[in-house]
There are 4 protein chains.
Amino acid sequence: MAGSVNKVILVGNLGKDPEIRRTQDGRPIANLSIATSETWRDKGTGERKEKTEWHRVVIFNEGLCKVAEQYLKKGAKVYIEGALQTRKWTDQSGVEKYSTEVVLQGFNSTLTMLDGRSGGGGSFADDAGGDFGSSGPSMAPPRRAVASAGGGGRNNDMDDDIPF
Amino acid sequence: MAGSVNKVILVGNLGKDPEIRRTQDGRPIANLSIATSETWRDKGTGERKEKTEWHRVVIFNEGLCKVAEQYLKKGAKVYIEGALQTRKWTDQSGVEKYSTEVVLQGFNSTLTMLDGRSGGGGSFADDAGGDFGSSGPSMAPPRRAVASAGGGGRNNDMDDDIPF
Amino acid sequence: MAGSVNKVILVGNLGKDPEIRRTQDGRPIANLSIATSETWRDKGTGERKEKTEWHRVVIFNEGLCKVAEQYLKKGAKVYIEGALQTRKWTDQSGVEKYSTEVVLQGFNSTLTMLDGRSGGGGSFADDAGGDFGSSGPSMAPPRRAVASAGGGGRNNDMDDDIPF
Amino acid sequence: MAGSVNKVILVGNLGKDPEIRRTQDGRPIANLSIATSETWRDKGTGERKEKTEWHRVVIFNEGLCKVAEQYLKKGAKVYIEGALQTRKWTDQSGVEKYSTEVVLQGFNSTLTMLDGRSGGGGSFADDAGGDFGSSGPSMAPPRRAVASAGGGGRNNDMDDDIPF
DNA sequence: TTTT
DNA sequence: TTTT
């Protein structure tokens with residue numbers, strides 16, 4: 001199909017520590033359980049209500065898995081950007097089940113810590129060991145590198161003066 | 001929870017006509033089945049691959065339900081903005097199942113037709129019978145009304161010339 | 001034009017306290033200055049680089065203006081969702097200028113505090129004094145009320161069991 | 001800054017053909033002029049109103065530039081995802097000006113054609129010559145390659161049947 | 001002018 | 001299981 005978009009944006013808190021496992025060929029996969037919640041006041045009774053939604057987030061990218069493993073803990077607030085994916089599986093009693101997950105994989109996936117503890121954090125895009133510096137043998141987490149790409153050929157004399 | 005976001009953005013095509021049903025008290029609910037797909041070239045073989053993902057979209061807002069009923073058909077391309085919601089239900093054989101849906105309900109829900117046939121289309125926000133004109137006995141679909149709100153107190157002399 | 005979307009999503013910190021002013025007819029307008037920044041490692045030198053972008057955010061909605069006034073301070077981290085708008089104006093020397101702002105107005109605008117101090121906060125949608133509770137003489141900030149809209153007619157027996 | 005997000009999502013139509021230029025070292029830069037518009041009904045008079053917003057979009061990524069050059073024409077409808085950037089420049093009379101643009105550069109940039117003519121289309125992410133196949137001397141446009149990354153270690157037996 |  |  002030409003021209004489709006499948007994007008999920010969540011800001012929420014981890015309900016527990018990330019779970020990291022490995023595939024047979026050694027690639028890491030991280031699972032996050034992220035809570036979002038809505039609060040509102042009941043129109044009739046006026047009482048305050050809250051509803052929590054839990055999201056299963058699966059990270060296939062190696063760099064983002066490391067970020068999750070090293071920096072994220074139960075309770076951490078994160079911004080994530082991924083895609084919806086529904087997986088079919090069969091439970092032990094042979095019943096077919098579907099599980100819908102938010103998948104961070106390939107491009108246009110992002111994981112950003114929003115509580116800036118530990119000095120480590122920052123914003124990470126899923127660069128799949130891509131073009132920008134952070135690859136190689138170093139274990140340094142990949143850095144989002146928007147400003148460097150295509151930097152040549154542009155008058156980037158952005159001093160941070162405010163135009164307003 | 002202070003500060004959470006639960007947002008899904010899809011651009012895709014309807015796999016079938018919208019299904020409209022009504023609650024006991026007469027409120028409409030529309031179900032859409034939307035396909036998104038990814039294409040890529042296999043790194044090993046070089047062949048073109050495609051994977052389609054199907055999304056279950058549920059519209060609770062009355063105005064958007066009417067839009068869906070009147071304007072959307074199988075094959076239509078739409079932009080939708082909603083929230084993830086996982087629902088638990090029990091099938092006829094007593095097995096507990098979970099279903100994750102993209103819910104359009106309340107604020108911050110949008111349904112926009114992207115193939116501008118039928119003159120009807122346009123962009124619709126889920127205004128829940130809100131502040132902007134489209135309420136009342138009229139069956140007219142709600143219109144997104146960004147520019148009118150707060151129009152006072154602002155120099156809105158934007159002529160539609162391209163400023164660059 | 002049928003079918004367009006104009007959306008900006010920012011997560012950043014306020015560079016200074018919100019500035020609130022009023023129109024002649026008494027409507028509040030809040031201006032926020034929000035910083036986002038990118039960090040990356042230079043491919044050549046390996047040194048850490050950072051580039052900050054400043055965004056002018058204008059809030060026309062009365063409820064969100066109150067939230068900004070009461071809860072936001074210099075340094076606060078926020079999630080905002082608005083639309084791009086370029087305004088033409090003439091400076092004192094008669095030169096035509098353009099200013100591009102992120103406008104929170106009408107539907108599909110959101111302001112959410114991400115550092116949960118003061119117990120006040122929460123997530124606020126721009127409901128324009130709409131359908132959900134928060135209107136009236138009360139000064140209570142508007143609450144995002146997704147779950148209440150259309151609540152009738154749905155089996156919302158979501159207990160927060162995790163389906164995974 | 002740890003934890004910031006700078007994202008613009010537009011769905012709109014090109015006001016004119018893309019303009020492609022090259023930097024001194026030969027890198028292409030594409031400029032798009034994209035219109036979005038809002039329609040609403042005036043609360044007082046009831047008449048239909050429309051306001052068009054024009055967005056300057058700058059593409060630094062070589063792959064996306066080629067896509068723009070080869071597939072996009074005046075009138076084309078596109079989905080784009082980029083970041084806000086304000087640039088300072090001096091006009092011929094020495095006046096300092098600011099220009100805010102939507103920049104597609106590096107990760108998390110997307111350009112997707114929404115009117116599927118010419119068979120070419122599809123969805124493209126800005127992969128900066130990244131991990132997925134499309135690099136090399138071939139002029140083939142980069143393909144978004146979500147499903148292939150991390151494919152090992154996962155039961156991806158998704159048949160494209162609609163599961164609901 | 002923020003933040004790390 | 002989070003957070004307020």
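Quick caveat: nothing in here was measured; it's all calculated off a predicted structure. Proteins come first, then strands; the chains are lettered A, B, ... in the order of their sequence lines, and each starts at number 1.
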- Task: Output, in order, the C-alpha distance, side-chain angles, deciding distance and verdict of salt bridge (charged side-chain N to carboxylate O under 4.0 Å, His left out) for D:Glu101 and D:Arg56.
- Result: CA-CA 5 Å; D:Glu101 298 157 339; D:Arg56 179 173 177 81; 3.0 Å; yes

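Applying the side-chain contact (heavy atoms from CB on, under 4.5 Å) test to C:Gln92 and every residue at least two apart in sequence or in another chain returns nothing. A:Glu69 meets the side-chain contact (heavy atoms from CB on, under 4.5 Å) test with A:Ile20; sequence neighbours excluded. For D:Ser99, the side-chain hydrogen bond (donor to acceptor under 3.5 Å, both in side chains) test picks out no residue, with sequence neighbours left out. Contacts of A:Thr90 classified as side-chain contact (heavy atoms from CB on, under 4.5 Å), with partners at least two apart in sequence or in another chain: A:Glu96. Residues passing the side-chain contact (heavy atoms from CB on, under 4.5 Å) test with A:Lys97, sequence neighbours excluded: A:Trp89, A:Asp91, A:Val95, B:Val95.
Rounded to whole angstrom, the span from the CG atom of C:Leu72 across to the P atom of E:dT3 amounts to 14 Å. Between the CH2 atom of C:Trp54 and the P atom of E:dT2 there is a distance of 6 Å, rounded to whole Å. Between C:Leu114 atom CG and E:dT2 atom C1' there is a gap of 14 Å when expressed in whole angstrom units. Taking atom CD of C:Glu19 as the reference point, atom C1' of E:dT2 lies 14 Å away to the nearest angstrom. When rounded to the nearest whole Å, the span between CG of C:Leu32 and P of E:dT3 equals 15 Å. One can place CE of C:Met113 at 14 Å from C1' of F:dT3, the figure rounded to the nearest angstrom. Atom-to-atom, NE2 of C:His55 to P of E:dT3 comes out at 16 Å; the value is rounded to the nearest Å.
Across E:dT4, F:dT3, E:dT2, the shortest atom-to-atom separation from the side chain of C:Lys74 is found for E:dT2. For A:Asn13, the side-chain atoms get nearest to F:dT3 when compared with the rest of E:dT4, F:dT3, E:dT3.
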- Dot-bracket for DNA chain F: what is it, with Watson-Crick or G-U pairs under 3.5 Å, [ ] where a pair crosses earlier ones, and | for a pair to another strand? ....

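On a pure distance criterion of 3.5 Å, a polar donor-acceptor pair joins the side chain of A:Thr52 and the base of F:dT2.
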